[in-house]
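Since the structure comes first, as structure tokens, the remarks are kept for the end.
The shown structure was predicted, so the numbers you read here are calculated from the model rather than taken from an experiment.
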Amino acid sequence: MRPPLALVTICLCAAAESVAAGEAGLTIGPQHELFLDDRAIDKTEQLSRRVVPAVKHKDNPVLVADRPWEMQGFVAFPSVCYDPQRKIFRMWYLVCNIWWSRNGAATTASAPATTTSSPASGPTTGPASAPASSSASAPASAPASAPTSASTSAPTSIPATRATSAPAVEPAALAYYRGKTSGNKVGALPMEDSAFICYAESADGLKWTKPELGLVDFQGSKKNNILLRHRGSHFDSFSVIFRADWPKPEERYVLIAFVGTWPYEAKQIAERGLKYDVAPGHYAYFSADGINWKAQGDKPVVALSLAMDRTTWSWDAKRKLFLGNWKWSEKNKRCRRQAESQDLVNWSAPRTILFPDNNDPPDAEFYGHYGFEYGSQYVGWLEVYRPGPGTIDFQLVGSRDGQNWDRVADRGALIPRGAEGAFDSTMIFAPSSPPIEQGNELWIYYEGCGQKHEHPGPHQAAIGMARMREDGFVAVEAGEAPGKLITKPLVLKGSRLFANVDASKGEFRVEVVQPDGKPLPGFEAAKALPTTVDGVNSPISWQGDPSLAPGQPLRLVFHLKSARLYSIWSQ
């Protein structure tokens, strides 16, 4: 049942504009117009605007760490798309074993708790068409000189993936975790196995398989779903971009990943006879099929000096540009920068686009941000980190041009953290991909973690899925008291108006007025036919079924009672 709505009156603009007749602003066409910002809104009465939380799948998490090469129990940063030709969901994700592969890390605990139960995410074998090429297909190879002091034996059991506790750790190991001491003991894995980029696929988006790709050797076998091995000390944040209309087939898939060299200092590297063959930074790979990847070059496309580790990348099809959204630090706070590039070589000067303000908690920082086109606008995921409680929340931002970003509505969490003990109870990390359209829903895949950000031991993380209605990011809503929204002058491209609206417990009407506020004949409030259903594609009509004149400046007046409005469009 819908919770009671606050019967409040809000004004979404400081004052109503004084608009002369014939003056027009925003154009409303077939692309859906969301109410993320005030661009279309002049004023409101008895309405509220809020982020509508997505609904988590009842069987979350949908993908967990359950393979020997996922021994730390940490799978993260999903990039997900739907392949309409093969009719499958495709997921690229990060496996991180860095705690157990720090050569020299001293620990009082053995490997993580293990289980011998059957894998939760399906069989290890994939479809018959899965590639099985040699390791030469994977451009990122192990370091030139393998660690001499690390154990090379693989764990024989699979780590538990839903545990929220971690092994006890000696102070010396904690210091080494940040690269401060060399130590004497060895980890459970060699350094080159500290992180992988892996692949999974699903017919329904819920049950995922991890196909044997035959690309990368792990402990003497290529029977795994590993796509890439790093050439430094670890992989971190990455994004996969699919450009269906790109003229070069071999570059339709783009993967950009952070390759790091911490926590090792020069002393530790020399002591172990190791040598990184890359500089820390962000590296690009291209692929025709999303499986076999070729490195763009041997240098980072963006150096570590310009962008830190929690970085995401997307493709702006409108402007034919790559968007780099980079973690940065200003005034001792994490914030977000952005730069653009046509070729992944030449980048615009990075600009700070999101920084905590006075409406955020005093300790708030911005950890991650990913932006994508949606309807007539851009939508962005924003990770808000609070060092005090060690939590990360998943909020929304919006943009009209893909460059300038604003916070949205009441800044509520799009995917709230789970209850105590849940896999996502403490941190929610946003995906590095847009939501997947499924019927009248949007599916969002996210990373959940049960430990605090500064937890001293290994983090466990898994991937969950949450659903929301089409266009359902933000709702303008009214309770039992009737509410009203008056738009600024608009121009419609089409003669028919549509709305995504839930009026199943009330009603929704639209009247049309001229820019000066005078009623448009035939479209007065008294002639507006009510919408009383919950529909993502509800036609708006008036008595006599008149058609609107495309290109004519007008204002729309929305009347809501016990209803939610998500978007409008014309065609």
Side-chain angles (χ1 to χ4, degrees), residues 10 12-13 25-44 47-55 314 316-318 354 369-382 394-415 430 434-444 466-478 483 485-494 497-503 508 510 531 534-540 555-558 560 563-571:
I10 60 172
L12 301 178
C13 297
L26 194 64
T27 297
I28 306 296
Q31 290 188 316
H32 293 199
E33 178 71 21
L34 309 180
F35 295 97
L36 303 181
D37 59 18
D38 300 341
R39 177 74 180 276
I41 302 172
D42 190 347
K43 58 184 178 181
T44 67
L47 295 177
S48 62
R49 179 171 56 176
R50 68 184 183 91
V51 172
V52 181
V55 178
S314 58
D316 186 337
K318 293 179 182 178
L354 289 164
H369 169 236
Y370 176 87
F372 55 93
E373 298 172 62
Y374 189 94
S376 62
Q377 301 159 61
Y378 294 79
V379 177
W381 316 133
L382 179 65
F394 184 165
Q395 296 185 11
L396 285 174
V397 289
S399 174
R400 289 284 171 173
D401 58 9
Q403 301 180 64
N404 300 286
W405 295 86
D406 297 303
R407 311 293 288 281
V408 168
D410 59 352
R411 304 188 181 186
L414 182 67
I415 302 179
I436 307 297
E437 296 183 16
Q438 284 292 295
N440 294 328
E441 292 185 334
L442 302 177
W443 291 12
I444 304 170
R467 293 182 169 121
M468 59 189 296
R469 71 186 287 139
E470 180 184 348
D471 301 349
F473 302 104
V474 168
V476 175
E477 58 188 16
L485 185 155
I486 304 174
T487 72
K488 297 174 182 176
L490 308 172
V491 170
L492 302 184
K493 283 188 175 181
L497 186 66
F498 297 83
N500 184 332
V501 61
D502 180 2
F508 171 72
V510 181
T531 298
D534 181 0
V536 299
N537 188 21
S538 297
I540 307 304
R555 293 178 187 257
L556 303 175
V557 183
F558 302 122
L560 296 87
R564 293 178 177 176
L565 174 63
Y566 297 94
S567 65
I568 59 170
W569 64 97
S570 72
Q571 58 189 42

_Under a 4.0 Å threshold between the charged nitrogen and the carboxylate oxygen, would Arg49 count as salt-bridged to Asp410?_
no
*What is the distance from atom CD1 of Ile486 to atom NZ of Lys43, rounded to the nearest 0.5 Å?*
4.5 Å
*Does a side-chain heavy-atom distance below 4.5 Å link Pro435 with Glu441?*
no
*Starting at CD1 of Ile436, measure out to CD of Gln438 and round the result to the nearest 0.5 Å.*
7.5 Å
*If we only count heavy atoms from C-beta on, is the Thr44 to Val476 side-chain gap below 4.5 Å?*
no
*asked:* Between Asn440 and Arg469 (side chain of the first, backbone of the second, donor and acceptor by atom type, cut-off under 3.5 Å), is there such a pair?
replied: no
*Working to the nearest 0.5 Å, report the span between CZ of Arg39 and CG of Leu490.*
10.0 Å
_side chain to side chain contact (heavy atoms under 4.5 Å, CB included), that's the test. Do Ile444 and Arg467 meet it? Break it down for me._
CA-CA 6 Å; Ile444 304 170; Arg467 293 182 169 121; over 6 Å; no
*Begin from the C-alpha positions of Arg400 and Glu373 and carry the test salt bridge (Lys or Arg N to Asp or Glu O under 4.0 Å) through to its verdict.*
CA-CA 9 Å; Arg400 289 284 171 173; Glu373 298 172 62; over 6 Å; no
*asked:* How close do Ala563 and Leu560 get, counting heavy atoms only, and between which atoms?
replied: O-CD2, 3.7 Å
*Considering only heavy atoms from C-beta outward, does the side chain of Val408 approach that of Val474 to under 4.5 Å?*
yes
*Tell me, with the steps shown, if Ile41 and Thr487 meet side chain to side chain contact (heavy atoms under 4.5 Å, CB included).*
CA-CA 4 Å; Ile41 302 172; Thr487 72; over 6 Å; no
*Tell me, do Thr27 and Lys493 make a side-chain contact under 4.5 Å, heavy atoms counted?*
yes
*Nearest heavy-atom pair of Lys318 and Gly375: which atoms, and what distance?*
NZ-O, 4.0 Å
_Side-chain donor/acceptor of Ser314 to backbone N/O of Phe372, under 3.5 Å_ = no
*Quick one: sort the Tyr378 and Trp405 rings into parallel, tilted or perpendicular, breaks at 30° and 60°.*
perpendicular
*Give, for atom CG of Leu485 and atom CD of Glu477, the distance between the pair rounded to the nearest 0.5 Å.*
13.0 Å
*Does the separation of the ring centres of Tyr374 and Phe473 fall below 6.0 angstrom?*
yes
_Separation of Phe498 CZ from Trp569 CH2 (nearest 0.5 Å)_ = 7.5 Å
*Could you pull out the closest heavy-atom pair between Arg50 and Pro53, with the gap in Å?*
NH1-CD, 3.9 Å
*So, do Val51 and Arg411 sit near enough that their side-chain heavy atoms are less than 4.5 Å apart?*
no
*Show your reasoning for whether side chain to side chain contact (heavy atoms under 4.5 Å, CB included) applies to Val536 and Asp471.*
CA-CA 8 Å; Val536 299; Asp471 301 349; over 6 Å; no
_Sole residue of Ile568, Thr531, Asp534 in side-chain contact (heavy atoms from CB on, under 4.5 Å) with Val501_ = Thr531
*Kindly say whether Leu34 contributes a backbone atom to a donor-acceptor pair with the side chain of Gln377 at under 3.5 angstrom?*
yes
*asked:* Let me confirm one number: the CG-CZ distance from Leu47 to Phe558, rounded to the nearest 0.5 Å.
replied: 11.0 Å
*Side chain of Ser570, backbone of Ile28: donor and acceptor closer than 3.5 Å?*
yes
*Test side chain to side chain contact (heavy atoms under 4.5 Å, CB included) on Arg564 and Val52 and set out the steps.*
CA-CA 10 Å; Arg564 293 178 177 176; Val52 181; 4.2 Å; yes
_Heavy-atom pair of closest approach, residues Gly535 and Ser538_ = O-OG, 3.4 Å
*Regarding Ser376 and Glu33, is there a side-chain donor-to-acceptor distance under 3.5 Å anywhere?*
yes
*Over all heavy atoms of both residues, which pair between Ala54 and Met468 is shortest? Give the atoms and the distance, please.*
CB-CB, 4.2 Å
*Kindly indicate whether the side chain of Leu396, heavy atoms from C-beta on, has any atom under 4.5 Å from the side chain of Leu382.*
no
*In sequence, state the C-alpha distance, the side-chain angles, and the governing distance for Tyr566 and Phe35, and then conclude on ring-ring contact (aromatic ring centres under 6.0 Å, His included).*
CA-CA 7 Å; Tyr566 297 94; Phe35 295 97; 9.7 Å; no
